[in-house]
Amino acid sequence: MNDLKIFPRTGDKETVYLKPTIKNPNIIVGEYTMYNDFVNDPTKFEDNNVLYHYPINHDKLIIGKYCSIACGAKFMFTSGNHRKSSLSTYPFPLFFEEWELDRCNVTDAWDNEGDIIIGNDVWIGFEAVIMQGVHIGDGAIIAARAVVTRDVPPYTIVGGVPAKEIKKRFPAEVIRKLVEIQWWNWDDNTVKKNLPHIINGNIGRLVF
């Protein structure tokens, strides 16, 4: 199962394994992460869902393994930002020719908030928006149409605009153990052997 095909489900052209569809070297996706899109071609995720991701910034979108990304989720990068310390929100540096700005760097038009990093086994709901610089921990759940402007701890459910914590998925001791064992880094055979326990939430019966 190491050579992932694009369409993992027979007859389903709305769901893809994301990794083999990505061409941009600044987008890094782990194995088995899936994306579903019933509106647009899911193989065009890089073009339709990763916004304002211009090479001049060298920022990255990093998504871990076994993530589930719902239709219309968006990742909003730095170039969609405007510089808040400026006296004007207008991006004058972008129009350096018009305003005869010498040696102007267009990146002065926005605040660079850095990479977007999504952990492993993260579920991102329908039309959620992840803003620039946000880090989302392993096992987190992002509710439908949430706008995530701050980091999300592991195994935390967030929702709303801006997104706020709703609750933890599990007790602290279970979260600690899940973060420690990192089942998403197991080989395929170990994952397969443990699937009944993973699916049914029996952490005490995992064998690795």
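On a predicted model such as this, the values are computed, not experimentally measured, just so you know.
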Side-chain heavy-atom pair Val147, Pro162 within 4.5 angstrom cut-off: no
Say whether, by atom type as modelled, one donor and one acceptor occur between the side chain of Asn120 and the main chain of Lys65 under 3.5 angstrom. yes
Between Ile136 and Val29, is there shared hydrophobic-cluster membership here, with clusters defined by ILVMFWY side-chain heavy atoms closer than 4.5 Å? yes
In the structure I gave you, are the side-chain heavy atoms of Ile157 and Arg169 within less than 4.5 Å of one another anywhere? yes
Are any non-hydrogen side-chain atoms of Lys84 and Asp111 less than 4.5 angstrom apart? yes
Linking I/L/V/M/F/W/Y whenever their side-chain heavy atoms sit closer than 4.5 Å, directly or via other members, would Val122 and Ile199 fall into one cluster? no
Applying side chain to side chain contact (heavy atoms under 4.5 Å, CB included), run through Trp110 and Tyr52 and close with a yes or a no. CA-CA 11 Å; Trp110 51 73; Tyr52 299 101; over 6 Å; no
Taking the side chain as every heavy atom from C-beta outward, state whether Leu61 and Asp115 have any atom pair closer than 4.5 Å. no
Do any N or O atoms from the side chain of His82 and from the backbone of Thr89 form a donor-acceptor pair under 3.5 angstrom? yes
Tightest non-hydrogen contact, residues Ala109 and Pro91, listed as CB-CB, 3.8 Å
What closest approach, in Å, do Pro93 and Asn105 show between heavy atoms, and which atom pair accounts for it? CB-O, 3.8 Å
May I have the step-by-step check of side chain to side chain contact (heavy atoms under 4.5 Å, CB included) for Ile69 and Trp123, ending in yes or no? CA-CA 6 Å; Ile69 304 174; Trp123 174 20; over 6 Å; no
Between Leu178 and Ile203, is there a side-chain heavy-atom distance shorter than 4.5 Å? yes
How far does CD1 of Ile116 sit from CE of Met131, to the nearest 0.5 angstrom? 8.0 Å
Is it the case that the side chain of Asp138 and the backbone of Gly119 share a donor-acceptor pair, with hydrogens and angles ignored and the cut-off at 3.5 Å? no
Begin with the C-alpha distance, continue with both residues' side-chain angles, and end with the deciding distance and a verdict on side chain to side chain contact (heavy atoms under 4.5 Å, CB included) for Thr21 and Ile6. CA-CA 7 Å; Thr21 73; Ile6 292 177; 3.9 Å; yes
Between the side chains of Lys23 and Glu46, is the shortest nitrogen-to-carboxylate-oxygen separation below 4.0 Å, so that they form an ion pair? no
Quick one: does Asp37's side chain have a donor or acceptor within less than 3.5 Å of a partner on Cys71's backbone? no
On a heavy-atom basis, the closest approach of Ala143 and Ala128 is O-CB, 3.8 Å
Near Arg176 CZ, under 6.0 Å, is it more than 12 heavy atoms from other residues, nucleotides or ligands? yes
Could you see if Ile166 belongs to whatever hydrophobic cluster contains Val174? Use Ile, Leu, Val, Met, Phe, Trp, Tyr and a side-chain cutoff under 4.5 Å. no
Please determine if Lys13 forms a cation-pi arrangement with Phe7, meaning its NZ or CZ atom is less than 6.0 Å from the six-membered ring centre and no more than 45° off the ring axis. yes
Out of Phe77, Phe75, Phe45, which residue meets the ring pair (Phe, Tyr, Trp, His ring centres under 6.0 Å) rule with His53? Phe77
Return yes if some donor-acceptor pair links the side-chain N/O of Lys74 with the main-chain N/O of Gly72 below 3.5 Å, else return no. yes
Measuring from atom CG of Leu18 to atom CD1 of Ile63, what distance do you get when rounded to the nearest 0.5 angstrom? 6.0 Å
Which heavy atom of Val134 sits nearest a heavy atom of Val148, and at what distance? CG2-O, 3.5 Å
Looking only at side chains, do Asn57 and Thr107 share a donor and an acceptor under 3.5 Å apart? no
From the list Thr15, Asn49, Thr43, side-chain hydrogen bond (donor to acceptor under 3.5 Å, both in side chains) with Tyr35 holds only for Asn49
Quick check for you: to the nearest 0.5 Å, what is the distance between Lys193 atom NZ and Asp187 atom CG? 8.0 Å
Please report the interatomic distance CG(Asp59) to OG1(Thr78), rounded to the nearest 0.5 Å. 5.0 Å
Ile175-Ile142 co-clustered via ILVMFWY side chain contacts under 4.5 Å: no
Inter-residue atom distance Ile130.CD1 - Ile124.CD1, 0.5 Å rounding: 4.5 Å
Tell me whether the rings of Tyr32 and Tyr66 are parallel (<30°), tilted (30 to 60°) or perpendicular (>60°). parallel
So Trp183 and Phe208, ring-ring contact (aromatic ring centres under 6.0 Å, His included) or not? Walk me through it. CA-CA 9 Å; Trp183 68 263; Phe208 52 95; over 10 Å; no
Closest non-hydrogen atom pair between Ala140 and Pro153, with its separation: CB-O, 4.0 Å
Using 30° and 60° as the class limits, which term best fits the ring planes of Phe126 and Phe38: parallel, tilted or perpendicular? parallel
Charged N to carboxylate O under 4.0 angstrom, Lys177 versus Glu173? no
Do you know the tightest heavy-atom contact between Gly133 and Asp151? O-OD1, 3.9 Å
Calculate, to the nearest 0.5 Å, the distance between atoms CG and CG belonging to Asn81 and Asn112 respectively. 9.0 Å
May I ask you to check whether over 12 heavy atoms, not counting those of Trp186, lie within 6.0 Å of atom CH2? yes
When you look at Ile181 and Leu206, which way does the side chain to side chain contact (heavy atoms under 4.5 Å, CB included) test go after all the steps? CA-CA 10 Å; Ile181 65 174; Leu206 295 175; 3.6 Å; yes
With the 4.5 Å side-chain cut-off for hydrophobic clustering, are Ile28 and Leu51 part of the same group? no
Examine distances only and state if a side-chain atom of Asn202 and a backbone atom of His197 form a donor-acceptor pair shorter than 3.5 Å. no
Hey, is the main chain of Arg83 close enough, under 3.5 Å, to the side chain of Ser86 for a donor-acceptor pair? no
